[in-house]
Amino acid sequence: MPHRLLRDDAVLLGMRVRDWQDAVRTAGLALSRADIATPAYSDEMIRMIEEHGPYVVIAPGLALAHARPGPAVKADGLAVVTLAEPVTFGHPYNDPVRVVLGLAVKTRDTHLGMIAELANVFNDKTAVDRLAAAQTVDEVHSIMEGVA
Amino acid sequence: MKIVAICGAGVGSSGILKVNAERVLDRLGLEADVTATDLRSIAVQGANAQIILTSPEFVEAIGKTNADVIVINNYFDLEELEEKLDAALG
């Protein structure tokens with residue numbers, strides 16, 4: 001994962017959150033800290049889940065919070081938030097969630113390169129555990145680059 | 001053959017399904033056109049699809065279709081994808 005898509009500002013480790021909304025909002029905070037999205041993007045990500053259910057919990061322990069491309073997205077980018085205590089999203093198989101990724105994309109057509117890189121990282125089943133245990137931003141970068 | 005991956009936004013999760021489905025199809029030696037799209041576009045995009053890939057939350061909303069609806073629980077589990085795609089195509 002190139003650093004331009006995952007900036008240091010967009011990594012928040014060991015966060016304490018009350019519930020899934022708080023977890024998604026924290027991913028939104030990380031995205032706005034890194035100047036990838038405006039604060040309004042948090043609400044859009046929450047609304048997607050309220051509308052469609054917890055489908056963003058795409059693998060055990062991992063949520064990929066995201067909304068549609070739109071004016072709240074300033075650049076393609078990613079946030080990584082790890083949780084001190086796991087939270088449940090109400091997913092039938094993949095709860096509880098320990099790692100929340102925030103994804104923002106400018107256009108639908110250009111995002112598949114970034115998505116393929118995400119698949120490279122997370123198709124390794126140990127990636128979520130390693131991220132959840134990461135203590136430093138550098139550790140997160142090395143996991144996200146596929147370097148253990 | 002046409003395969004459509006569905007999620008709420010048409011980016012992100014459906015993109016991951018598309019990327020990983022293409023990897024599995026390659027492994028199985030099969031060729032297919034895999035599209036990632038959102039629920040709103042299903043009527044158009046899914047019209048002539050043989051397979052719809054999605055998560056449990058969308059099955060009801062997708063509704064009646066001629067396509068095989070394959071529910072994927074873990075988007076990063078290539079074995080799950082391969083097993084379910086192979087069963088549907090075999």
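Only this structure's heavy atoms are used, side chains among them; waters, hydrogens and symmetry mates stay out.
- If you take CD on B:Glu57 and CD on A:Glu51, they are separated by 13.0 Å, rounding to the nearest 0.5 Å.
- Side-chain contact between B:Val11 and A:Pro69 is present, with at least one heavy-atom pair separated by less than 4.5 Å.
- Looking only at side-chain heavy atoms (C-beta outward), A:Leu62 and B:Phe76 come within less than 4.5 Å of each other.
- With contacts defined as side-chain heavy-atom distances shorter than 4.5 Å, the pair B:Pro56/A:Tyr55 does not qualify.
- By the side-chain contact (heavy atoms from CB on, under 4.5 Å) test, B:Glu22 pairs with B:Lys18, B:Val34, sequence neighbours left out.
- For the options A:Ala59, A:Ala65, A:Gly53, heavy-atom pairs under 4.5 Å to chain B are most numerous at A:Ala59.
- Only the side chain of B:Asn20 comes within less than 4.5 Å of a heavy atom in chain A; its backbone stays farther off.
- Residues A:His66 and B:Ser13 share a closest heavy-atom pair of CE1-OG, 3.1 Å.
- Scanning all heavy atoms of the two residues, the minimum distance from A:Leu112 to B:Gly15 falls at CD2-CA, 3.9 Å.
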For B:Arg23 and A:Asn120: C-alpha separation, side-chain torsions, deciding distance, then whether side-chain contact (heavy atoms from CB on, under 4.5 Å) applies.
CA-CA 11 Å; B:Arg23 290 177 186 187; A:Asn120 289 342; 2.9 Å; yes
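- In this structure, chain B has heavy atoms under 4.5 Å from both the backbone and the side chain of A:Ala119.
- Heavy atoms only, all atoms of each residue included: A:Arg108 and B:Ala9 are closest at NH2-O, 2.9 Å.
- Atom NZ in A:Lys125 sits 4.0 Å away from atom CG in B:Asp77 (nearest 0.5 Å).
- Comparing A:Val57, A:Asn123, A:Ile115 by heavy-atom pairs within less than 4.5 Å of chain B, the highest count is held by A:Asn123.
- From B:Asp38, atom CG reaches atom NE2 of A:His52 across 7.5 Å, with rounding to the nearest 0.5 Å.
- For chain A, no part of B:Ile72 is nearby; none of its heavy atoms comes within less than 4.5 Å.
- The parts of B:Ile16 that come within reach of chain A are both its backbone and its side chain, each placing non-hydrogen atoms under 4.5 angstrom from that chain.
- Within 6.0 Å of CZ in B:Arg27 there are more than 12 heavy atoms belonging to other residues, nucleotides or ligands.
- Within 6.0 Å of CD in B:Gln50 there are more than 12 heavy atoms belonging to other residues, nucleotides or ligands.
- Heavy-atom proximity under 4.5 angstrom to chain A picks out nothing from residues 59-69 of chain B.
- Heavy atoms only, all atoms of each residue included: A:Leu64 and B:Gly12 are closest at CD2-C, 3.9 Å.
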